[in-house]
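Step one of this worksheet: look at the structure below.
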Number of protein chains: 2
Amino acid sequence: MDTKTKLISTAEHLFDRHGFTATGMDRLTQAASMSSRTLYKHAGSKTSLIADVLSGRHLRFQQSIEVDSVDALFGALEKWVQTEGCRGCLFLRAYGETGGDTPDIAKAVFTHKASLYEKIQKIVSIETHGKSNSELAEQVLILFEGATSAAIYRGAEAIRSAQTAASVLIQQARL
Amino acid sequence: MDTKTKLISTAEHLFDRHGFTATGMDRLTQAASMSSRTLYKHAGSKTSLIADVLSGRHLRFQQSIEVDSVDALFGALEKWVQTEGCRGCLFLRAYGETGGDTPDIAKAVFTHKASLYEKIQKIVSIETHGKSNSELAEQVLILFEGATSAAIYRGAEAIRSAQTAASVLIQQARL
DNA sequence: GACGATGTAAAATGATCGTTTTACACTCCA
DNA sequence: TGGAGTGTAAAACGATCATTTTACATCGTC
């Protein structure tokens with residue numbers, strides 16, 4: 001695996017497991033088995049490493065939710081949680097840890113959330129045959145967000161509950 | 001205001017605004033305008049200070065959701081966000097920052113979430129006249145959790161969307 | 001066969017971390 | 001009146017922080 005890829009995927013794992021601030025660069029160099037000189041040549045700084053981790057995760061997440069139904073959307077989330085673990089949304093966690101004061105990180109978070117909302121809008125619009133208002137998309141977004149959070153302490157079952165709740169809302173909107 | 005109260009409320013504000021790990025004890029002593037000697041006499045350690053902040057917040061939050069309808073529950077959340085700001089659930093943020101590895105903190109988080117779920121179960125059971133299954137309570141919990149997260153980037157409007165979604169689900173269950 | 005790129009190991013940078021210590025001032029109650 | 005309790009200011013603790021530097025090894029390529 002190429003050096004920068006290894007660095008970013010190692011960083012993503014450590015940030016997700018232990019938190020962004022709590023993960024020191026020493027631990028990172030050790031886990032990625034590279035010198036700090038190499039790390040800084042590729043990463044630039046810790047802040048830009050976090051931003052790189054987030055934009056990489058954004059792409060991977062986008063691919064994982066390339067679906068065209070609300071049911072499949074929550075199915076994709078369940079699959080994501082199975083392979084990536086459930087420790088809450090890494091974007092919101094990055095936002096919280098930095099207080100939203102780091103522009104590069106805040107931008108990555110808002111970009112990600114905007115694209116998630118857009119994706120859900122498209123899916124909902126298809127499923128309701130254009131009968132939906134924009135509130136319905138927000139409600140599905142909230143169920144998605146809530147399932148991500150609740151899965152931390154209630155497990156994957158929470159995602160299935162959100163899935164059926166979403167289909168009830170969609171059904172209701174179709175009438 | 002009594003010293004320990006001032007310490008804990010100052011700590012809660014800084015932790016919420018800047019994150020737990022990123023908030024140093026120096027900044028805390030300065031903000032609470034007390035010496036580090038006094039701070040450590042009352043707090044013991046940073047970890048136990050975080051635990052104290054969380055248990056204090058838990059009590060205050062519990063009081064704020066002393067309601068008996070799902071509609072009022074989301075109304076209470078909207079009010080909470082207005083007065084306390086919306087930076088996501090402080091409990092889940094504490095859990096994420098510590099990786100769940102600090103027993104006192106993890107316990108405070110799970111206790112809080114278990115009590116939230118219980119409260120929702122009671123409300124839902126009343127509103128559905130006992131007709132509800134346990135999945136419905138989980139769905140309302142997910143909407144509550146999702147509204148808390150989504151409000152970070154979509155504002156208080158998200159809470160009202162969750163509110164109407166919850167009432168639709170309740171209505172459906174009553175049939 | 002010299003060169004630029006890419007890597008390593010390891011020490012040093014100055015700042016900041018959480019925590020403890022030393023030394024001193026005030027108040028309240030016996 | 002004197003001692004326990006509660007506070008302050010400020011320095012010191014060793015550890016760790018993100019980052020840079022020095023010195024050296026290994027490449028493929030012209």
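So you know, we letter chains A, B, ... as the sequences are listed, proteins then strands, and number each from 1. Hydrogens, waters and symmetry mates play no part in the numbers below; they use all other heavy atoms, side chains included.
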Can you tell me which stems DNA chain D forms when a stem means 3 or more consecutive Watson-Crick or G-U pairs under 3.5 Å?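 Runs of three or more consecutive pairs: C:1-12 with D:19-30, C:14-17 with D:14-17, C:19-30 with D:1-12.
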For a quick check of understanding: with a heavy-atom distance under 4.0 Å over all strands, which category does S33(A) fall into, base, sugar-phosphate or nothing?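 Counting heavy atoms under 4.0 Å across all strands, the contact made by S33(A) is with sugar-phosphate only.
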By salt bridge (charged side-chain N to carboxylate O under 4.0 Å, His left out), which residues pair with R37(B), not counting sequence neighbours?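 Not a single residue meets the salt bridge (charged side-chain N to carboxylate O under 4.0 Å, His left out) criterion with R37(B).
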Could you list the residues that satisfy salt bridge (charged side-chain N to carboxylate O under 4.0 Å, His left out) with D101(A), not counting sequence neighbours?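 Checked D101(A) against salt bridge (charged side-chain N to carboxylate O under 4.0 Å, His left out); matches are R17(B).
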For residues 18-56 of chain A, which residue pairs qualify under ring-ring contact (aromatic ring centres under 6.0 Å, His included), counting only residues two or more places apart or in two chains? F15(A)-F20(A)
With the side chain of K41(B) defined as its heavy atoms from C-beta on, choose the nearest nucleotide among dT6(D), dG7(C), dT8(C).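 Comparing dT6(D), dG7(C), dT8(C) against the side chain of K41(B), the answer is dT6(D).
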Tell me which nucleotide among dT8(C), dG7(C), dG7(D) gets nearest to the side chain of S35(A). dT8(C)
Going by heavy atoms in the side chains, are L28(A) and L49(A) under 4.5 Å from each other? yes
Is any side-chain heavy atom of Q171(B) less than 4.5 Å from a side-chain heavy atom of R174(B)? yes
Compare side-chain N and O positions of H42(A) against OP1 and OP2 of dT6(C) and report whether any pair is under 4.0 Å apart. no
Would you say T3(B) reaches dG7(D)'s phosphate, i.e. side-chain N/O to OP1/OP2 under 4.0 Å? yes
Between [N] ([atom2]) and [X] ([atom1]): distance, integer Å:
{"X": "L39(A)", "N": "dT21(D)", "atom1": "CG", "atom2": "C1'", "value": "16 Å"}
{"X": "L28(A)", "N": "dT19(D)", "atom1": "CG", "atom2": "C1'", "value": "14 Å"}
{"X": "M34(A)", "N": "dA10(C)", "atom1": "CE", "atom2": "P", "value": "17 Å"}
{"X": "L7(A)", "N": "dT6(C)", "atom1": "CG", "atom2": "C1'", "value": "15 Å"}
{"X": "D2(B)", "N": "dT6(D)", "atom1": "CG", "atom2": "P", "value": "11 Å"}

Got a donor-acceptor contact below 3.5 angstrom from the S149(B) side chain to the G88(B) backbone?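 Not at all, since once roles are kept as given, no pair shorter than 3.5 Å links the two residues.
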Looking at E145(B) and R154(A), does any basic side-chain N land under 4.0 Å from a carboxylate oxygen?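 No salt bridge links E145(B) with R154(A).
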Under a plain distance cut-off of 3.5 Å, with no hydrogens placed, do E138(A) and S161(B) share a side-chain donor-acceptor pair?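 Yes, side-chain donor-acceptor contact under 3.5 Å.
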Just to verify, what does S69(A) make a side-chain contact (heavy atoms from CB on, under 4.5 Å) with, not counting sequence neighbours?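 In terms of side-chain contact (heavy atoms from CB on, under 4.5 Å), with neighbours along the sequence ignored, S69(A) is linked to D71(A), A72(A), E127(A).
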Per-nucleotide protein contact string for nucleotides 16-28 of chain C (B base, S sugar-phosphate only, - none; heavy atom under 4.0 Å): --SBBBBB-----
